2 protein chains.
Amino acid sequence: MGDVNPDALRGHMDALLLSVLEHEPLHGYAIIEALQERSGGALAVPTGTVYPALRRLERVGYLASEWATVGGRKRRTYRLTSSGAKQLAGERSAWREFAEVIASVLEPGVGRTKTTG
Amino acid sequence: MGDVNPDALRGHMDALLLSVLEHEPLHGYAIIEALQERSGGALAVPTGTVYPALRRLERVGYLASEWATVGGRKRRTYRLTSSGAKQLAGERSAWREFAEVIASVLEPGVGRTKTTG
DNA sequence: AGTCTACATGTAGCCTCTCTATATGTAGGC
DNA sequence: GCCTACATATAGAGAGGCTACATGTAGACT
């Protein structure tokens with residue numbers, strides 16, 4: 001039950017982040033915990049990955065954020081925008097496509113059985 | 001049926017390459033075609049990705065190569081070493097783990113249902 | 001002969017995302 | 001005071017896939 005190879009995460013981080021914010025706004029720290037919980041402990045994404053990624057996602061309009069103070073601590077809470085929701089849907093189908101493609105190469109005979117066309 | 005996002009391929013290229021060489025040695029150009037065929041046309045990996053990757057894989061001992069001339073054209077044919085076969089097995093289980101983890105975050109309720117606590 | 005396409009390999013340099021390491025600060029337990 | 005958990009942020013490194021380019025053969029068509 002080792003954790004996931006960092007390189008493999010490339011290009012999938014956005015989908016993960018958008019996904020945990022789908023039903024409720026969360027702040028960065030809570031997002032990291034949610035990722036870990038949902039993955040059964042396999043995803044230990046460092047803060048140096050998450051915070052910049054969240055800012056990037058906000059910059060492109062998929063997320064929006066606002067500051068809040070809870071128990072004397074400051075949090076920047078992120079929520080999914082409608083644009084982000086659309087993006088998430090796209091990321092989900094892209095993931096399914098991707099997983100199918102990789103699986104078809106790695107384990108021939110499973111899935112995509114050369115329907116060609 | 002767009003092709004796969006290049007960034008998403010990060011860290012999975014090795015597995016793909018090792019996998020197409022599992023049962024038969026192939027040269028670079030044929031590897032690219034095999035990848036495309038096995039994926040139903042979804043994987044159009046550029047030569048600038050494949051050739052350097054093959055060399056890297058040879059450098060670390062997962063592949064071995066030799067030159068051949070077929071029909072007046074020179075080919076460098078790669079084959080899987082025993083070390084590469086072991087690596088491929090590892091890549092396969094890493095992929096299954098990875099796919100399960102991503103799916104568990106992207107589509108909660110499917111697979112890895114928080115067996116932990 | 002000249003041109004075009006398919007076959008075939010290779011490199012330089014860019015891009016961009018993830019990671020490591022570090023910095024900053026609050027709250028609460030010991 | 002010191003340590004841990006909570007909470008955010010940035011600089012710089014590292015890596016690998018991509019674009020673009022360079023090189024060359026074979027065969028078809030004009």
Side-chain angles (χ1 to χ4, degrees), chain A residues 2-18 25-37 42-60 62-63 65-78 91 98 101-102 105, chain B residues 2-18 25-37 39 42-60 62-63 65-78 91 98 101-102:
Chain A
D3 34 54
V4 167
N5 168 26
D7 258 335
L9 247 15
R10 270 265 186 157
H12 303 290
M13 204 62 234
D14 293 9
L16 298 177
L17 260 15
L18 261 24
L26 291 172
H27 61 287
Y29 196 88
I31 289 171
I32 292 170
E33 289 180 323
L35 247 19
Q36 212 160 154
E37 197 196 335
L43 272 183
V45 190
T47 64
T49 295
V50 170
Y51 291 113
L54 289 171
R55 286 169 156 276
R56 178 168 50 77
L57 258 14
E58 181 171 29
R59 202 168 57 238
V60 296
Y62 299 152
L63 298 180
S65 73
E66 50 190 58
W67 284 97
T69 301
V70 178
R73 295 200 191 86
K74 280 183 179 173
R75 296 173 172 176
R76 192 204 280 267
T77 302
Y78 288 90
E91 298 272 5
F98 176 75
V101 166
I102 301 299
V105 176
Chain B
D3 35 52
V4 168
N5 170 25
D7 257 335
L9 246 16
R10 270 267 187 154
H12 304 290
M13 205 62 233
D14 292 10
L16 297 177
L17 260 14
L18 260 25
L26 291 171
H27 61 287
Y29 195 88
I31 289 171
I32 291 170
E33 289 180 323
L35 248 19
Q36 211 160 155
E37 198 197 335
S39 65
L43 273 183
V45 190
T47 65
T49 295
V50 170
Y51 291 113
L54 289 171
R55 287 168 155 276
R56 177 168 49 78
L57 257 16
E58 181 171 28
R59 203 168 56 238
V60 296
Y62 299 153
L63 298 179
S65 73
E66 49 190 59
W67 284 97
T69 301
V70 178
R73 295 200 192 84
K74 280 183 180 174
R75 294 173 173 176
R76 192 204 281 265
T77 303
Y78 289 89
E91 297 272 5
F98 175 75
V101 165
I102 301 299

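We name chains A, B, ... by the order of the sequence lines, and we start the count at 1 in each one. Treat the numbers as computed from the prediction; the structure is a model and nothing was measured.
With C:dC7, C:dG10, D:dA15 as the candidates, the nucleotide lying closest to the side chain of A:Asp7 is D:dA15. Each of C:dT11, C:dG10, C:dA8 was ranked by its minimum atom distance to the side chain of B:Thr47; first place goes to C:dG10. The side chain of B:Thr49 sits closest to D:dG17 out of D:dT10, C:dT18, D:dG17. Taking every side-chain heavy atom of A:Tyr51 into account, D:dT10 is the closest of D:dT10, C:dT11, D:dC6. With D:dA9, C:dG10, C:dT18 as the candidates, the nucleotide lying closest to the side chain of B:Arg76 is C:dG10.
For C:dT9, the OP1/OP2 oxygens have no side-chain nitrogen or oxygen of B:Arg55 closer than 4.0 Å.
When heavy atoms are screened at a 4.0 angstrom cut-off, B:Gly72 is found touching the sugar-phosphate backbone but no base atom. When heavy atoms are screened at a 4.0 angstrom cut-off, A:Gly28 is found touching the sugar-phosphate backbone but no base atom. Base engagement by A:Arg73 is indicated by at least one non-hydrogen atom pair under 4.0 Å involving a base atom.
Of the two residues near DNA chain C, B:Pro52 and B:Glu33, the one whose nearest nucleotide lies more 5' is B:Glu33.
In this structure, B:Arg56 places its CZ atom 15 Å from P of C:dG10, rounding to the nearest Å. Look at OH on A:Tyr29: it is 16 Å from P on C:dA27, rounded to the nearest Å. Distance B:Leu43 CG to D:dC18 C1': 15 Å, rounded to the nearest Å. Between B:Leu17 atom CG and D:dG17 atom C1' the separation is 12 Å, expressed in whole Å. A straight line from CZ of B:Phe98 to C1' of C:dT18 spans 13 Å, rounded to a whole angstrom. Per the geometry, CZ belonging to A:Arg75 stands 15 Å off C1' belonging to C:dG25, to the nearest Å. Rounded to an integer number of Å, the gap from CG of B:Leu63 to P of C:dT9 is 14 Å. Atom NE2 of B:His12 and atom P of D:dG17 are 10 Å apart (whole Å).
The residue from A:Leu9, A:Leu35, A:Leu43 that alone fulfils the side-chain contact (heavy atoms from CB on, under 4.5 Å) condition with B:Val101 is A:Leu43.
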**Item:** B:His27 and B:Tyr78: CA distance, side-chain angles, deciding distance, side chain to side chain contact (heavy atoms under 4.5 Å, CB included) verdict
**Value:** CA-CA 6 Å; B:His27 61 287; B:Tyr78 289 89; 5.8 Å; no

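Evaluation of atom-type donor-acceptor distances gives no pair under 3.5 Å for the side chain of B:Arg10 against the base of D:dG17.
No hydrogens or angles considered: nothing links the side chains of B:Thr77 and B:Glu66 as a donor-acceptor pair under 3.5 Å.
A 4.5 Å side-chain heavy-atom check between A:Trp67 and A:Lys74 finds at least one atom pair inside the cut-off.
Between the side chain of A:Thr49 and the backbone N or O of A:Val45 there is no donor-acceptor pair closer than 3.5 Å.
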